[in-house]
Structure formats: structure tokens, C-alpha cells
Number of protein chains: 2
Amino acid sequence: MDHNDRPAIDETDVAILERVERDADVNLADLAAELDLSKSAVHYRLNKLKDADVIASVSADVDPLALGLDMVVITEVSVAHESGYADDIGQALTEIDGVFQVYYTMGDVDFIVHSRVQDRDQMNDLIDEIVTIDGVNETSSTFVMKELQTNPKTVANMSDTMIETVIDGTE
Amino acid sequence: MDHNDRPAIDETDVAILERVERDADVNLADLAAELDLSKSAVHYRLNKLKDADVIASVSADVDPLALGLDMVVITEVSVAHESGYADDIGQALTEIDGVFQVYYTMGDVDFIVHSRVQDRDQMNDLIDEIVTIDGVNETSSTFVMKELQTNPKTVANMSDTMIETVIDGTE
DNA sequence: AATGAAATCGACCAGCA
DNA sequence: TGCTGGTCGATTTCATT
């Protein structure tokens, strides 16, 4: 084991991860053939990656647009600084329906909240809900005109350097 | 068919979507039992949802933290307004390694870029890459201290009202 | 949309490097 | 510890009603 507690990951693991995060429905045989490995070996590694929570879950990606969720709003939230309720406020933000991402940030703004709704009414309701939270001081919302990339695939967005760091750093 | 070209979705479809976006490894028998349906009916509906691209893909969710990607940066990008290269700039932003989300927004800022890196060096390199893009005027980066929710599950974040809108609006 | 049969796939095992 | 090949059982898949 190395200095940190991350599981050891090699090139083969990265190749498997890249493939299954792109399409988890791939059969073991095909995947094994692509990697010049046996089915069992791939199976073994997949289990290990799941046990180590490198693969957190396998999920169907539901297209928001197919459900009419074509409005994305970004809301900057500032809280009253004397109040030590930052944790509570963050929690309250994540629980609002429509909110899919909450960041706690350094800087003049405390939280950045991303949400997805179907129409202006829902947008107004959502922003109202945020303002109503106890301790919230000021909000500023921005409307997203176009999502150019909404691709939270982890491996696909990594550079070669990042991948090398993973392989070298956990061996 | 209704006024728009979205596929018709009913309560059962929503229940299926909610379940498979949470865990796509569930077997048909269990899912069918939960919904009081036959396996074939669930199978039929799943195929329909995939064909209609309501389910865009099934993917393994790779934990960024397991790969050392524990730094998230949000960068606001403003472009020179006389240049009509907004599309090109947006495209260039999505192609940068580490970038996982790009929004084109209304307001004083033109693009909002989210990226994930392993260390400060990579963060600096990434911001340099953004600044180097032809037409980019000004950038402002914010460091994320904590991700409270990074859960781009679509159905899980929807309110009852939103779900009703889907069901009523596409029947 | 349900049934039941056929094909396919993933899980597991013993043995080995 | 990680890999191989093969077998068994479960699951998906499909034709038919």
C-alpha cells in the first residue's frame, strides 16, 4: 500500500473504466477481446473496482430534455456571514427539487447551485425556495442558453498526464 | 401524438426510469415484481425508452475522487463581443482535458466552465489553456471547497409537479 | 401484454503462474 | 495476487397467443 489509501489502478483498469463508463451494457466477451484478456480476468477486475468503490454505481442516463427539463439555471448564493449555519444551508439547497449540483466555494459567493426545470414558473418557485432558506442573504441567478457539454464521465475527460498520475501514484 | 415530438411517458415509465437511473444492474424479475408487472412488459418498456433516447446510455459511474480528481474549478469566461466566434470558442472549451461541463449563458459572462483536476499545476495549466483560446477576453476562476451534491440523476431530482407535467404533457 | 422456450450472458470454480 | 479455461445457472430475449 502506498502513502494514501486509494486503491491501486493500472492501465488495464483505466481501459476497463473508460469502456464501461461509456457503455456498461458491453458484454464481458467483447470487452475481454478488446483488451486481449480472458472473460474471467475482466470479471475479476470489475468486481475489484466495484468493491473498492472506484465504480460507485451503474446507472441509466436519463435525458433531461426527453422529460421537458430544458431550462438550466445557475444561482449564486451568499449567506449571512455571522451565521455558522453554512452546513445546514448547503443541506437545504441540495434537498430542493430540481437542484442537481451544489458547490461550496471560496470567494465572494458561498454556494453555487445548479438546477433544471421545465418552465419559468418552476424557475421562479425554485429561486423563491432558495431565498426562503434561513440564513441566505443574497442570490443571483443566471440563465443557461445552451449546454455545450453535460458529460460527467470521469475517465473520458482526463488528460494523459492525469491518467499517468493515477497509474503511477497508486501502484 | 401531442404538440411536441417527445415520446409519451406514463407513471410506469417514470417508475422504471427512477429505478434504473439509481441502479441499472437490477434484474428484470425484481423490477417487474416491484411494479406489479410481468418481466416482458418491463423489458418492452425499457427497449422503447432506449429506442426513444429517453435512456441515452447505461454507464458505470466512476468516482473522480478514487482517481485523485479532488479539485473542482469553476471558470467564468468572457469573449470579445465583436468576434462572432462564440461557437468555436465553446467547442474549444469542451475539448480541454479536465473540463466536464460547459454552459453558454446570458448575462455579463459568456461561458461557465467546470473542470476537475488532480493538483494545482494541472489547474494552472487548464486555466492557461482557456486563456489561450482565440477570442477569449477575460476569465475568473473560483475554487470549489466542497461538492455537496454531484448527482446528475434526472428523475431523482424532479418534483412531483415536474413529473406530472411529463406525464400529462406527453400522453 | 403475458407465456414459455431458446439463446446468451455473467458468475463461479479448481488449478496455475 | 491475478489469470486461464470451462461449466453451470440465471437472465435476457424472442416467437407465439
Side-chain angles (χ1 to χ4, degrees), chain A residues 1-62 66 155 163-171, chain B residues 1-2 6-63 66-68 166-167 170-171:
Chain A
M1 188 62 92
D2 55 308
H3 55 289
N4 59 44
D5 55 353
R6 265 185 268 132
I9 289 170
D10 64 13
E11 300 91 334
T12 307
D13 289 321
V14 172
I16 292 174
L17 291 174
E18 190 277 329
R19 190 70 177 82
V20 295
E21 87 167 356
R22 182 151 42 89
D23 176 23
D25 279 337
V26 64
N27 20 342
L28 282 187
D30 289 351
L31 186 46
E34 286 175 28
L35 301 173
D36 270 311
L37 268 176
S38 70
K39 281 191 297 182
S40 318
V42 176
H43 183 249
Y44 176 77
R45 281 170 178 268
L46 271 173
N47 274 347
K48 234 182 38 172
L49 290 167
K50 285 178 185 174
D51 284 344
D53 283 322
V54 177
I55 296 176
S57 63
V58 177
S59 59
D61 305 317
V62 178
V155 184
I163 290 172
E164 274 168 42
T165 304
V166 168
I167 295 168
D168 297 344
T170 65
E171 65 196 353
Chain B
M1 188 62 92
D2 55 306
R6 266 186 268 132
I9 289 170
D10 63 15
E11 299 92 333
T12 307
D13 289 322
V14 172
I16 293 174
L17 291 174
E18 191 277 329
R19 190 69 176 82
V20 295
E21 88 167 357
R22 182 152 43 88
D23 176 21
D25 278 338
V26 64
N27 45 3
L28 282 185
D30 290 351
L31 187 46
E34 285 174 30
L35 301 173
D36 270 310
L37 268 178
S38 71
K39 285 190 293 182
S40 319
V42 176
H43 181 247
Y44 174 78
R45 281 169 179 270
L46 271 173
N47 274 347
K48 234 181 36 173
L49 290 167
K50 286 179 185 174
D51 284 344
D53 282 322
V54 176
I55 295 176
S57 63
V58 177
S59 59
D61 305 318
V62 178
D63 180 12
L67 303 187
V166 168
I167 294 168
T170 64
E171 66 197 353

When you compare the protein's N or O atoms with those of nucleotides 3-8 of chain C, which come within less than 3.5 Å of each other, and at what distance?
| residue | atom | partner | partner atom | Å |
| --- | --- | --- | --- | --- |
| C:dT3 | O4 | B:S40 | OG | 3.2 |

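- Atom pair A:L35:CG and D:dC3:P shows a separation of 11 Å (rounding to whole Å applied).
- Atom-to-atom distance recorded for B:D25:CG and A:K50:NZ is 4.5 Å, nearest 0.5 angstrom.
- Here the P atom of nucleotide D:dT13 and the CZ atom of B:R45 are 17 Å apart, to the nearest Å.
- At a threshold of 4.0 angstrom between heavy atoms, the contacts of B:V42 with the nucleic acid are absent.
- Annotation: side-chain hydrogen bond (donor to acceptor under 3.5 Å, both in side chains) contacts of A:R45 (sequence neighbours excluded): A:D10, A:D13.
- For the pair A:D51 CG and D:dG2 P, the interatomic distance rounds to 12 Å; values are reported in whole Å.
- Taking CG of A:L49 as the reference point, atom CG of A:L17 lies at 5.0 Å (rounded to 0.5 Å).
- Taking atom CG of residue A:D23 and atom P of nucleotide C:dC9, one finds them 13 Å apart after rounding to whole Å.
- Here C:dC9 presents its P atom at 8 Å from CG of A:D30, a figure rounded to the nearest Å.
- When rounded to the nearest whole Å, the span between CG of A:L46 and P of D:dC3 equals 12 Å.
- In this model, the phosphate group of D:dG2 is approached by a side-chain N or O of A:Y44 to a distance below 4.0 Å at OP1 or OP2.
- From B:E21, atom CD reaches atom CG of B:D23 across 11.5 Å, with rounding to the nearest 0.5 Å.
- In this entry the distance linking CG of B:D25 with C1' of C:dA11 reads 13 Å, nearest Å.
- The distance between atom CG of A:L28 and atom C1' of D:dC3, rounded to the nearest whole Å, is 15 Å.
- Rounding to the nearest 0.5 Å gives a distance of 11.5 Å between CG of A:D53 and CG of B:D61.
- Counting only heavy atoms from C-beta outward, the side chains of A:V20 and A:L31 approach each other to under 4.5 Å.
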May I have the step-by-step check of side chain to side chain contact (heavy atoms under 4.5 Å, CB included) for B:L67 and A:V155, ending in yes or no?
CA-CA 9 Å; B:L67 303 187; A:V155 184; 4.1 Å; yes
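- At D:dT12, none of the side-chain N or O atoms of B:H43 fall inside 4.0 Å of OP1 or OP2 (strictly under the cut-off).
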